[in-house]
*Asks:* 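Dumping the structure here so I can ask a few things about it.
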Amino acid sequence: MSETGKYSQLSLDELHAIAATVDADAEPERAAEIYAEIEKRQHAEFSTMDESPSADQDMCNDGVAPSPEASAQSTDDRLASRGERFAAAIIDTVVSILATIPFIFIVGAEEFAEPGLGLIALSFAYGLTSLLVVNGYLLFHYGQTVGKRFLNIRIEDMSGRQASLGTIIMKRYIPVSLAMYIPVIGGIVSLVDVCFIFRQDRRCVHDHIANTRVCRPPESINV
């Protein structure tokens, strides 16, 4: 199949996602092909909006009208599965525990039996710092933690672009992490956050707050 043929099989969302990763200076021909396909697709959509399609045009070859979800199906194909997200979370949890051991050793495990406000604040600051030390490079350059890197999935915004480090930390990590320190409510927030993964869009509470999702990178598409 030719390069043009490959791009013609992708949805407009996927084309935009791939275009965001292409270096036009390094790959001018490939970038031009992608942008040309996007322009052609957008022009076709605008043309379709100006026309009133007949009943025959609205029907598939088998005589069944296409479902409203059909256009979003190809985009959903890139969504990370619940199993992939769970496996990545397990890896990140193990890494986080290992990173926390020195802090517990220095402070003393007995202090966590009834932590005061100062210890809670110190624990949060240490957790944020260790997150940046362990995952900062991967989050900034790839939108991935260690676990997500291992599973080849990443955090991206709803337009298909890699989420920025600021969005990941300020909107995705801090709000839910702070809520988890609230007595009683923190446990409920944690449970609800995890349970949201079972919704159709597979987005947790922190994904909705940050307007992000977890997907396989566009490079995983064979183009």
Side-chain angles (χ1 to χ4, degrees), residues 78-217:
R78 281 205 309 115
L79 281 175
S81 69
R82 296 179 182 92
E84 288 171 328
R85 294 197 64 173
F86 179 74
I90 292 295
I91 294 172
D92 288 333
T93 298
V94 172
V95 171
S96 178
I97 291 173
L98 293 175
T100 305
I101 290 176
F103 178 70
I104 296 175
F105 180 79
I106 294 171
V107 174
E110 66 280 357
E111 296 294 329
F112 291 90
E114 295 183 6
L117 185 60
L119 181 56
I120 291 175
L122 186 60
S123 298
F124 176 79
Y126 182 88
L128 179 58
T129 301
S130 63
L131 173 72
L132 291 173
V133 170
V134 175
N135 297 295
Y137 179 86
L138 291 175
L139 287 172
F140 180 79
H141 289 282
Y142 306 105
Q144 297 173 319
T145 58
V146 172
K148 288 179 175 61
R149 183 71 171 177
F150 187 80
L151 271 295
N152 193 31
I153 55 179
R154 73 171 187 173
I155 305 166
E156 59 181 48
D157 61 28
M158 299 306 292
S159 66
R161 294 181 175 85
Q162 175 192 316
S164 68
L165 180 61
T167 294
I168 294 172
I169 298 300
M170 300 302 297
K171 297 181 180 180
R172 202 172 188 272
Y173 175 80
I174 289 181
V176 173
S177 296
L178 285 175
M180 290 179 181
Y181 283 98
I182 303 175
V184 182
I185 296 177
I188 297 175
V189 170
S190 180
L191 180 61
V192 172
D193 185 39
V194 172
C195 287
F196 260 54
I197 193 66
F198 294 103
R199 287 160 48 97
Q200 184 176 0
D201 61 6
R202 305 174 204 167
R203 297 170 66 208
C204 296
V205 171
H206 55 263
D207 286 309
H208 285 276
I209 294 174
N211 199 30
T212 58
R213 60 187 177 185
V214 178
C215 296
R216 300 178 189 90

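All residue numbers in this chain count up from 1 along the given sequence. Worth saying up front: this structure is predicted, and the values here are computed from it rather than measured.
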*Asks:* With sequence neighbours left out, what residues match Glu156 under salt bridge (charged side-chain N to carboxylate O under 4.0 Å, His left out)?
*Replies:* Arg78, Arg154, Arg213

*Asks:* Show which side-chain atoms of residues 104-119 pair as donor or acceptor with protein atoms under 3.5 Å away, not counting sequence neighbours.
*Replies:*
none

*Asks:* For Asp92, give me all partners under salt bridge (charged side-chain N to carboxylate O under 4.0 Å, His left out), at least two apart in sequence or on another chain.
*Replies:* none

*Asks:* Measure the spacing between NZ of Lys171 and CG of Asp157 and express it to the nearest 0.5 Å.
*Replies:*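 Going from the NZ atom of Lys171 to the CG atom of Asp157 covers 10.0 Å.
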
*Asks:* Identify the two heavy atoms, one from Gln144 and one from Pro217, that lie closest to each other, and give their separation to 0.1 Å.
*Replies:* NE2-CG, 4.5 Å

*Asks:* Ignoring hydrogens and angles, write down the donor-acceptor pairs under 3.5 Å from the side chains of residues 172-182, residues two or more places apart or on other chains.
*Replies:*
unit_1, atom_1, unit_2, atom_2, d
Arg172, NE, Asp207, OD1, 3.1
Arg172, NE, Thr212, OG1, 3.2
Arg172, NH2, Asp207, OD1, 2.8
Ser177, OG, Tyr173, O, 2.7

*Asks:* Of all the heavy-atom pairs spanning Ala99 and Ser130, show the shortest one and how long it is.
*Replies:*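 Here Ala99 and Ser130 meet closest at CB-CB, 4.3 Å.
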
*Asks:* Among all residues two or more places apart in sequence or in another chain, which pass the ring-ring contact (aromatic ring centres under 6.0 Å, His included) test with Phe196?
*Replies:*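 Testing Phe196 for ring-ring contact (aromatic ring centres under 6.0 Å, His included), a comparison that skips the adjacent residues, returns His208.
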
*Asks:* So, for Ala88 and Ile153, which heavy atoms are closest and what is the spacing to 0.1 Å?
*Replies:*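 Where Ala88 meets Ile153 most closely, the heavy atoms are CB-CD1, 4.2 Å.
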
*Asks:* Once rounded to the nearest 0.5 Å, what's the spacing between atom CG of Leu131 and atom OG of Ser96?
*Replies:* 8.0 Å

*Asks:* Rounded to the nearest 0.5 Å, how far apart are NZ of Lys148 and CD of Glu84?
*Replies:*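 Here the interatomic distance stands at 11.5 Å.
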
*Asks:* Under the 3.5 angstrom rule, does the side chain of Asp193 hit a backbone N or O of Val205 as a donor-acceptor pair?
*Replies:*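 Answer holds: yes.
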
*Asks:* Hey, what do you get for CG (Leu139) to OG (Ser164), rounding to the nearest 0.5 Å?
*Replies:* 10.5 Å

*Asks:* Pair Leu151, Ile91 - check side-chain contact (heavy atoms from CB on, under 4.5 Å), show working.
*Replies:* CA-CA 10 Å; Leu151 271 295; Ile91 294 172; 3.9 Å; yes

*Asks:* Show the nearest heavy-atom pair for residues Gly143 and Ile168, with the distance to one decimal.
*Replies:* CA-CD1, 4.3 Å

*Asks:* Donor-acceptor pair, distance only, cut-off 3.5 Å: does the side chain of Arg85 make one with the backbone of Ala80?
*Replies:* no

*Asks:* Checking side-chain contact (heavy atoms from CB on, under 4.5 Å) for the pair Asn135/Val146: CA distance, chi angles, key distance, verdict?
*Replies:* CA-CA 6 Å; Asn135 297 295; Val146 172; 3.3 Å; yes

*Asks:* Look up atom OG1 in Thr167 and atom CD1 in Ile155, then write down how far apart they are to the nearest 0.5 Å.
*Replies:* 10.0 Å

*Asks:* Using a 3.5 Å distance criterion without hydrogens, assess whether the side chain of Ser190 forms a donor-acceptor pair with backbone atoms of Gly186.
*Replies:*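 Checked: no pair found.
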
*Asks:* Could you give all pairs that pass the ring pair (Phe, Tyr, Trp, His ring centres under 6.0 Å) test and reach residues 116-136, with sequence neighbours left out?
*Replies:*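 Qualifying pairs, neighbours excluded: Phe103-Tyr126.
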
*Asks:* With a sphere of 6.0 Å drawn around CE of Met158, does it hold more than 12 non-hydrogen atoms of other residues, nucleotides or ligands?
*Replies:* yes

